[in-house]
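Sequential numbering from 1 along the given sequence is applied to the chain's residues. Given the structure is predicted, the values throughout are model-derived calculations rather than measurements.
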Amino acid sequence: MEVEIISNESIKPSSPTEDHLKTFKLSCLDRYRPSEYIPLILFYTPDPTYTNFDSISDRLKKSLSETLTRFYPIAGRIRDNNTWVECNDEGVEYIETRINGKVSDFTMTSKLLHQLVPVHNNLATEVPAVIQVNFFECGGVAITVCISHKIGDTSTYATFINSWAATARRAPADQVACPSFDSQSLFPILVPDTDTDWRGYGSSDEEENENLVTKRLVFDGEKVNALRERIGDTLTTLKYPTRVEAVSALIWKSAIEARLATSPEPEDDLKPEIVSEMNIVVNVRKKMDPPLADSSFGNIFSMATAKASITSAGVYFDDLVGQIRIAISRIDGDHVKKMQNDEHSDDEEEGYDHDHDDDDNDYWLMSWCNFPLYEIDFGFGKPDWVTTDALEVLDENDIYLMDTRVGKGVEAWIKLEKQKMDMFLKNQELLEFATFFD
């Protein structure tokens, strides 16, 4: 598949940033985030009246320039060991490509997605954002947005891209989101830290491991409802599971069983207790008093750790759902107050077991479900598919959940060691509800 770069430029804010806004301090939550890009790829099949690529290009660049005036830190440069952003209006790197293929070529296999991504992770320590717009010969468009995790989370992504899209389609002013920059004052850096570029969740090993396999699972809406019904029938004191609880519990259960099936039996009868952890990213904007708006800019989340003890009888859905719900419930107002006082870092969350060393049985869950990513309309329709470059983004035992375009389905990405993945793919309970894709 030939991907030809046809332009590479910097898009700057349409209006200069005011002098008193030139220095944007990062928060104590930002400092624990890695300096890496997490690509968000949006696929479109534009209406025939919008297939003039030059017109689309002009619209995207002009509206991006206007949007950067509101989101001025994204057009700046990260300075001084990732502690502040110099809002100097240098702009975002903006790349356009032409592809002699069809959108369907890329949506059928994840191995090609990497070609749609401007892979410049080495820039993420300084350049907040890189954008690549890919024009297909079939008339399709794929817009890839990479924002450094150092300055923002998924909610920041969704707010920025929706605001850009609303500007591009000339939406009324009340539909154009404006960010609020209150994170630094609410979560100030109280103690200087010279080691601020920390992974935060998952593995920090940057070496390519050829023994790891990434797969995409799709749970359509009807299957998700059936799964929720099955789990709900076994629950006694817990409420009906959400679709994220149900899907993540099934994936966790299947991964645990794959791990047990591929683990050597102990040499004697004294089998140690097996504990598996699920570390879950939790958006804390609505857990604050008063709650923050979704448009609050920055990394405003915490980690919840669910733990499951695995007995000789195995592991059960209701237990995993309960542990997930309990872990998330601990991320409450009191927890947020501790975060505001910078009393802990994410590896010191309540419930985190420092003596627990079975990393191969620990998992890291990021859910992008319920974010308005399928509402992103630049003026040529809503996206047909929203995804990420999971092959590059995920570390071992990482799980990403995203909405499907239709209904209340869930798309999941997971990366496992090859032998464990082979067993995971054979799990009959999982296959009852999910369809696998390469």
Side-chain angles (χ1 to χ4, degrees), residues 23-38 40 71-74 76 78-87 124-126 128-129 146-160 179-202 204 279-305 327-352 364-368 371 393 395 398 400:
T23 299
F24 179 79
K25 294 182 179 180
L26 298 179
S27 74
C28 68
L29 304 183
D30 296 325
R31 73 172 177 174
Y32 295 123
R33 306 282 67 82
S35 293
E36 65 182 11
Y37 297 125
I38 299 180
L40 189 66
F71 292 80
Y72 55 90
I74 293 179
I78 303 169
R79 305 298 191 198
D80 288 354
N81 198 29
N82 304 300
T83 58
W84 64 285
V85 178
E86 181 184 2
C87 302
T125 58
E126 181 181 1
C146 301
I147 297 178
S148 176
H149 203 349
K150 183 58 66 176
I151 69 167
D153 56 14
T154 306
S155 188
T156 299
Y157 259 71
T159 301
F160 170 71
S180 57
F181 298 104
D182 39 23
S183 177
Q184 195 281 330
S185 62
L186 293 170
F187 301 97
I189 297 178
L190 302 178
V191 179
D193 189 345
T194 57
D195 183 18
T196 58
D197 193 17
W198 184 59
R199 174 68 166 88
Y201 53 86
S204 61
N279 300 284
I280 308 160
V281 176
V282 180
N283 184 349
V284 300
R285 287 170 175 81
K286 300 306 181 186
K287 297 180 181 292
M288 300 191 64
D289 186 17
L292 291 181
D294 292 332
S295 59
S296 293
F297 188 94
N299 290 287
I300 310 178
F301 68 87
S302 187
M303 298 296 299
T305 300
I328 294 175
S329 71
R330 292 195 183 107
I331 311 299
D332 55 14
D334 290 338
H335 179 92
V336 172
K337 289 178 182 177
K338 293 180 180 180
M339 293 169 60
Q340 289 182 274
N341 293 326
D342 200 13
E343 293 180 8
H344 70 297
S345 60
D346 282 341
D347 64 339
E348 296 170 341
E349 298 287 354
E350 182 179 355
Y352 187 93
W364 305 83
L365 177 69
M366 164 78 79
S367 174
W368 289 2
F371 287 100
V393 170
D395 289 310
D398 277 1
Y400 270 40

Under 3.5 Å, is there a donor-acceptor pair between the side chain of [X] and the main chain of [Y]?
| X | Y | value |
| --- | --- | --- |
| T305 | N279 | no |
| S185 | D182 | yes |
| K150 | R33 | yes |
| S155 | D294 | yes |

Closest heavy-atom contact between [X] and [Y]?
| X | Y | result |
| --- | --- | --- |
| Q184 | S27 | CA-CB, 4.0 Å |
| T156 | S296 | OG1-O, 4.1 Å |
| P128 | P73 | CG-O, 3.6 Å |
| I74 | A129 | CG2-CB, 3.5 Å |

Spatial distance of atom [atom1] ([X]) from atom [atom2] ([Y]) [nearest 0.5 Å]:
| X | Y | atom1 | atom2 | result |
| --- | --- | --- | --- | --- |
| K25 | S183 | NZ | OG | 13.5 Å |
| M339 | C28 | CE | SG | 7.0 Å |
| I280 | S302 | CD1 | OG | 11.0 Å |
| M288 | H335 | CE | NE2 | 11.5 Å |
| S295 | R285 | OG | CZ | 8.5 Å |
| I328 | I331 | CD1 | CD1 | 8.5 Å |

So do the side chains of [X] and [Y] get within less than 4.5 Å of each other, counting heavy atoms only?
| X | Y | answer |
| --- | --- | --- |
| W84 | E86 | yes |
| W368 | I38 | yes |
| V284 | I300 | yes |
| S148 | Y37 | yes |
| T159 | F71 | yes |
| V281 | M303 | yes |
| I147 | F160 | yes |
| Q340 | L186 | yes |

>> Using ring centroids (six-membered ring only for Trp), state whether Y72 and F181 fall under 6.0 Å.
In response: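 Ring centres of Y72 and F181 closer than 6.0 Å.
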> Going through the distances and angles, do N283 and F371 end up as a side chain to side chain contact (heavy atoms under 4.5 Å, CB included)?
Replying inline: CA-CA 11 Å; N283 184 349; F371 287 100; 4.2 Å; yes
>> The test is side chain to side chain contact (heavy atoms under 4.5 Å, CB included); show your working for K338 and N341 and say whether it passes.
In response: CA-CA 5 Å; K338 293 180 180 180; N341 293 326; 5.8 Å; no
> Name the one of D30, I78, N299 that satisfies side chain to side chain contact (heavy atoms under 4.5 Å, CB included) with I151?
Replying inline: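 Going through D30, I78, N299 one by one, the side chain to side chain contact (heavy atoms under 4.5 Å, CB included) with I151 is satisfied by I78 alone.
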